[in-house]
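All remarks here apply to the structure that follows.
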Amino acid sequence: MITYEFTRLDADQMTLRADGFHRLMSSRRSVRAFSPEPVPQSLIETAIRTAATAPSGAHRQPWTFVVVGDADIKSRIRLAAEREERENYEGGRLPQHWRDALDPLGTTSSKPYLEVVPWIVVLFEQRYTITPSGDTLKNFYVKESVGIAAGLFVAALHNMGLATLTHTPSPMGFLTRLLERPENERPFALFPIGFPAPGCEVPALTRKELGQVMVQFSADAGSDVAPA
Ligand code: IYR
């Protein structure tokens, strides 16, 4: 073990930092209209370094971030994603209750942003680890670990002034083949990354209030007692 170099903040700083980070993250939106403007690869690398600080089951770090800047691969991803999504939206693969839920977002099978963005990052989960000697080690809490890494990735991109979309063109098996990933990996999510298109529009959504997402539970006031 080593000593944790923890920085203790004073109470005022804690409140300032808490409010500032909340304000920053409140301004993040998922973007589906991107500018073709280039973005330095070093920024994408820093976002991946940040995402890879996520906690993971038994510290297996069961993630691979595949970075795609090549125009030909991006258009192949678009073609394959749109083929799957046409099956979903137009071929009847999405059940009606799912289509109804997507209605306010206005999403369709058309995914032109996959060719417009300077970068696509595809996040793969490693269901098991292959050691240098070729043995396999089962990983733990893979979805939870990779989900946390995805959240940090989205936060890191927003903090550096970039936009993204947590995109899951479904099913995603084509990404394994196209990006030549090994048998222990499965696609988790795809992130188109860039600047929003000028005048980019997003759905008018609201976030749940604190009282809708938080429950204060204490032993002496059971859940049948209404809040004061
Ligand atoms: N994968 C489809 C459908 C879709 C599903 C959900 I859940 C969303 O929040 C948004 C879209 C698509 O990408 O269009």
Side-chain angles (χ1 to χ4, degrees), residues 25-36 44 47 51 63-71 73-125 127 142-158 162-179 181 185-197 199-209 212-213:
M25 293 315 297
S26 301
S27 68
R28 184 203 57 81
R29 293 299 311 263
S30 290
V31 160
R32 293 180 173 83
F34 287 87
S35 154
I44 305 302
W63 40 65
T64 304
F65 296 82
V66 179
V67 179
V68 178
D70 182 277
I73 309 293
K74 283 186 281 185
S75 66
R76 283 202 248 175
I77 292 175
R78 176 187 179 181
L79 278 178
E82 288 183 331
R83 187 176 310 125
E84 294 292 5
E85 295 296 5
R86 273 196 300 274
E87 198 56 46
N88 291 332
Y89 286 90
E90 290 124 61
R93 193 160 59 183
L94 277 189
Q96 190 57 43
H97 70 93
W98 196 332
R99 296 154 69 104
D100 293 346
L102 293 180
D103 234 22
L105 303 179
T107 56
T108 68
S109 61
S110 167
K111 309 292 180 193
Y113 51 80
L114 292 172
E115 272 182 315
V116 171
V117 279
W119 300 104
I120 291 176
V121 171
V122 186
L123 173 51
F124 286 82
E125 60 181 57
R127 304 161 90 214
V142 171
K143 292 233 176 276
E144 293 83 349
S145 306
V146 178
I148 297 168
L152 290 178
F153 189 56
V154 165
L157 291 168
H158 181 62
L162 289 172
T164 190
L165 169 70
T166 309
H167 185 32
T168 50
S170 175
M172 292 195 282
F174 70 90
L175 293 165
T176 303
R177 298 185 287 279
L178 207 64
L179 302 174
R181 298 316 302 160
E185 295 186 4
R186 292 283 180 278
F188 182 82
L190 178 159
F191 299 89
I193 301 166
F195 295 102
C200 168
E201 295 194 333
V202 295
L205 304 176
T206 55
R207 294 193 164 101
K208 290 181 179 177
E209 297 295 331
Q212 297 174 280
V213 299

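As the structure is a prediction and not an experimental result, all values here were calculated from the model. Residues take their numbers from the sequence shown, with the count starting at 1. Whatever order the structure lists them in is the order used to number ligands and atoms, beginning at 1.
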- [ ] Compute whether any side-chain donor of one residue and acceptor of the other, for H158 and S27, lie under 3.5 angstrom apart.
- [x] yes
Open item on the list: Checking S109 against E82: is there a side-chain donor and acceptor pair closer than 3.5 Å?
Closed with: no
Among all protein heavy atoms in this structure, tell me which lies nearest to [atom], with the distance rounded to 0.1 Å.
atom: atom 7 (I) of ligand 1; value: W98 NE1, 3.7 Å
atom: atom 13 (O) of ligand 1; value: H167 CE1, 3.0 Å
atom: atom 1 (N) of ligand 1; value: E85 OE2, 2.8 Å
atom: atom 3 (C) of ligand 1; value: Y89 OH, 3.3 Å
atom: atom 10 (C) of ligand 1; value: L102 CD2, 3.5 Å

Open item on the list: Below 3.5 Å, N or O to N or O, backbone or side chain included: is there any such pair between T107 and ligand 1?
Closed with: no
- [ ] Could you tell me whether some N/O pair between S170 and ligand 1 is separated by less than 3.5 angstrom?
- [x]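 There is no such contact.
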Task: Flag, side chain of R93 to backbone of E84, donor-acceptor distance under 3.5 Å - done: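 Yes, R93 side chain to E84 backbone: donor-acceptor pair under 3.5 Å.
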- [ ] Report yes or no: does R207 contribute a side-chain atom to a donor-acceptor pair with the main-chain N or O of S26 at less than 3.5 Å?
- [x]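 At least one qualifying donor-acceptor pair exists.
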Open item on the list: Please determine whether a side-chain nitrogen of the Lys or Arg among E87 and R83 lies less than 4.0 Å from a carboxylate oxygen of the Asp or Glu.
Closed with: no
- [ ] Apply the side-chain contact (heavy atoms from CB on, under 4.5 Å) test between L165 and each candidate in K111, R29, R32; give the one that qualifies.
- [x] R32
Task: Atoms in ligand 1 flagged as close to K111, the criterion being non-hydrogen separation under 4.0 Å - done: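 Result: 12 (C), 13 (O), 14 (O).
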Open item on the list: I'd like to know if N88 contacts ligand 1, where contact means a heavy-atom distance under 4.0 Å to any ligand atom.
Closed with: no
TODO: Applying ring-ring contact (aromatic ring centres under 6.0 Å, His included) between H167 and each of F188, F191, Y113, report the one that passes.
DONE: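 When ring-ring contact (aromatic ring centres under 6.0 Å, His included) is applied between H167 and each of F188, F191, Y113, only Y113 qualifies.
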